[in-house]
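The sequence lines fix the lettering, A, B, ..., with proteins before strands; numbering per chain opens at 1.
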2 protein chains.
Amino acid sequence: MALRHAVLAALLDGELSGYQLAKAFDLGVANFWYAQPQQLYAELARLEKEGLIAGREVVQETRPNKRLFQVTDAGLEELQAFAAAPTKPSFIRDDLLVKVQAADHVTTAALIAQLSERAAFAQAKVDLFAKLLRTMRGDRTEEEFLRHGSRIGPYLTCQRGLAFEQGNRDWCERTVAALRERQRTRARR
Amino acid sequence: MALRHAVLAALLDGELSGYQLAKAFDLGVANFWYAQPQQLYAELARLEKEGLIAGREVVQETRPNKRLFQVTDAGLEELQAFAAAPTKPSFIRDDLLVKVQAADHVTTAALIAQLSERAAFAQAKVDLFAKLLRTMRGDRTEEEFLRHGSRIGPYLTCQRGLAFEQGNRDWCERTVAALRERQRTRARR
DNA sequence: GCGTTCATGTAATATGTTACATGATTTC
DNA sequence: GAAATCATGTAACATATTACATGAACGC
């Protein structure tokens, strides 16, 4: 069960509602984990039942009411234990890579389109993460911030997200170029 | 169902047994997908039942007998359809990132050890992938190979694997450095 | 004789995805 | 008036992980 720890880690920076969490774990951000809203609502219910988080109702006038959750002492202990335990290796599972693996045996036109789309998506994330990093470190240099900042966890994970998306973008672009070059050079199949 | 397509893509380069496939999809390689042996045996059975792959018994003297599988025409069509369909985005899900996200709230000693281990693991993969790439392109330059090589799919995915592991390694090392620096600078908590 | 590699699976459990469901408010 | 955002879930289905299970042969 790793989602629970991701949720606990996300709640460290302050109370959040299920809806807010869902946004943080969704496409736009998700710089250290990804999960869907349904998963999160279910996990929040479980975590609360086990006493690892505590929720409080917030009545709103203009919007539907919501519940904000925060990590309890028991939750922090759980996180601590998780951090100390051996880490499972993480692995690549990407449909796009599967398609490229088969590139010599399938038509490449659609593949090129999908790679271009992914490159654009990755670029958007690069921009977003770069902006987030600037916001977090404020007017300090990166070195300064990492040395003396009060909360560097999210900064470090965001750095990984940034590098990952840069890698994604670069690879997609180079792969498109390679496939296009072959389309051009080769006779019609 | 994405595993089935990964299996089909892996079988494009020639017949493989479940055991050989399992090795390819395991820790050591897995440059475009990861799966455990149990999953693969189950998927191979399903794929054969559906006629997307064909297996043949190979009797061995010195070793237990095995079954080699190859992609059928129907299997190739399935792969073709998969490649043409829209690609689901892929997301980061990494326990180590969750732990780093929580770094300011947990003890960092164990975390540093795990990051170092991951860095070493990533370096080993970098070496492996670099070697695989050299083997694939032979004495040609990369550009030459990509332009005229007969099978570039595995080369391209391996390039992504290489870059990914380099990114992993670099990030782990920098993160270790940042966490160590804070341990040194800061008073004991 | 003991551990590793080759070779293949089943069964139980955990986790994740997809589809369905509801209802208010705000912005175009 | 329609679409997007806020807000929260349930139920059915698909997929993945973990534990269990077996057995031969090879190298030390």
Looking across every strand, which nucleic acid part, if any, lies under 4.0 Å from [X] by heavy atom: base, sugar-phosphate, or nothing?
| X | value |
| --- | --- |
| Arg93(B) | sugar-phosphate |
| Gln38(B) | base |
| Arg4(A) | nothing |

| query | Could Arg46(B) and Glu43(B) be called an ion pair, given the rule that one side-chain N must be under 4.0 Å from one carboxylate O? | reply |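 Counted as a salt bridge, because a side-chain N and a carboxylate O are separated by less than 4.0 Å.
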
| query | In terms of side-chain geometry, is the basic nitrogen of Asp95(B) or Arg118(B) positioned less than 4.0 Å from the acidic oxygen of its partner? | reply |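 Salt bridge flag = no for Arg118(B) with Asp95(B).
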
Taking only the side-chain heavy atoms of [X] (C-beta and beyond), determine which of [options] contains the nearest atom.
| X | options | result |
| --- | --- | --- |
| Lys23(A) | dA7(C), dA7(D), dC6(D) | dC6(D) |
| Lys66(A) | dT17(D), dA7(D), dA19(C) | dA7(D) |
| Tyr34(A) | dG23(D), dT8(D), dT17(C) | dT17(C) |
| Tyr41(A) | dG9(D), dC6(D), dT18(C) | dG9(D) |

Between atom [atom1] in [X] and atom [atom2] in [N], what is the gap in whole Å?
| X | N | atom1 | atom2 | result |
| --- | --- | --- | --- | --- |
| Asn65(B) | dT8(C) | CG | P | 9 Å |
| Phe91(B) | dT15(C) | CZ | C1' | 17 Å |
| Tyr19(B) | dA25(D) | OH | P | 16 Å |
| Leu3(A) | dT15(C) | CG | C1' | 9 Å |
| Gln39(A) | dT15(D) | CD | C1' | 12 Å |
| Gln36(A) | dT15(D) | CD | P | 14 Å |
| Leu40(A) | dG16(C) | CG | P | 10 Å |
| Gln60(B) | dA24(D) | CD | C1' | 11 Å |

| Residue whose closest nucleotide on DNA chain D lies nearer the 5' end, Ala42(A) versus Pro64(A) |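 By nearest-heavy-atom nucleotide position, the 5'-most residue is Pro64(A).
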
| query | Under 30°, 30 to 60°, or over 60°: which ring-plane class applies to Phe145(A) and Tyr155(A), parallel, tilted or perpendicular? | reply |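 Tilted.
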
| query | DNA chain C: Ala35(A) or Gln20(B), which has the more 5' nearest nucleotide? | reply |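 The answer here is Gln20(B).
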
| Pairwise 5' ranking along DNA chain C for Leu68(B) and Glu43(A), keeping only the more 5' one |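 Here Leu68(B) is the residue nearer the 5' end.
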
| request: Drop me the distance from Ser17(A)'s OG to Lys23(A)'s NZ, to the nearest 0.5 angstrom. | output: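 NZ of Lys23(A) is found 10.0 Å from OG of Ser17(A).
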
| message | Rounded to the nearest 0.5 Å, what separates atom CG in Leu44(A) from atom CZ in Arg4(A)? | response |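 If I round to the nearest 0.5 Å, the distance is 11.0 Å.
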
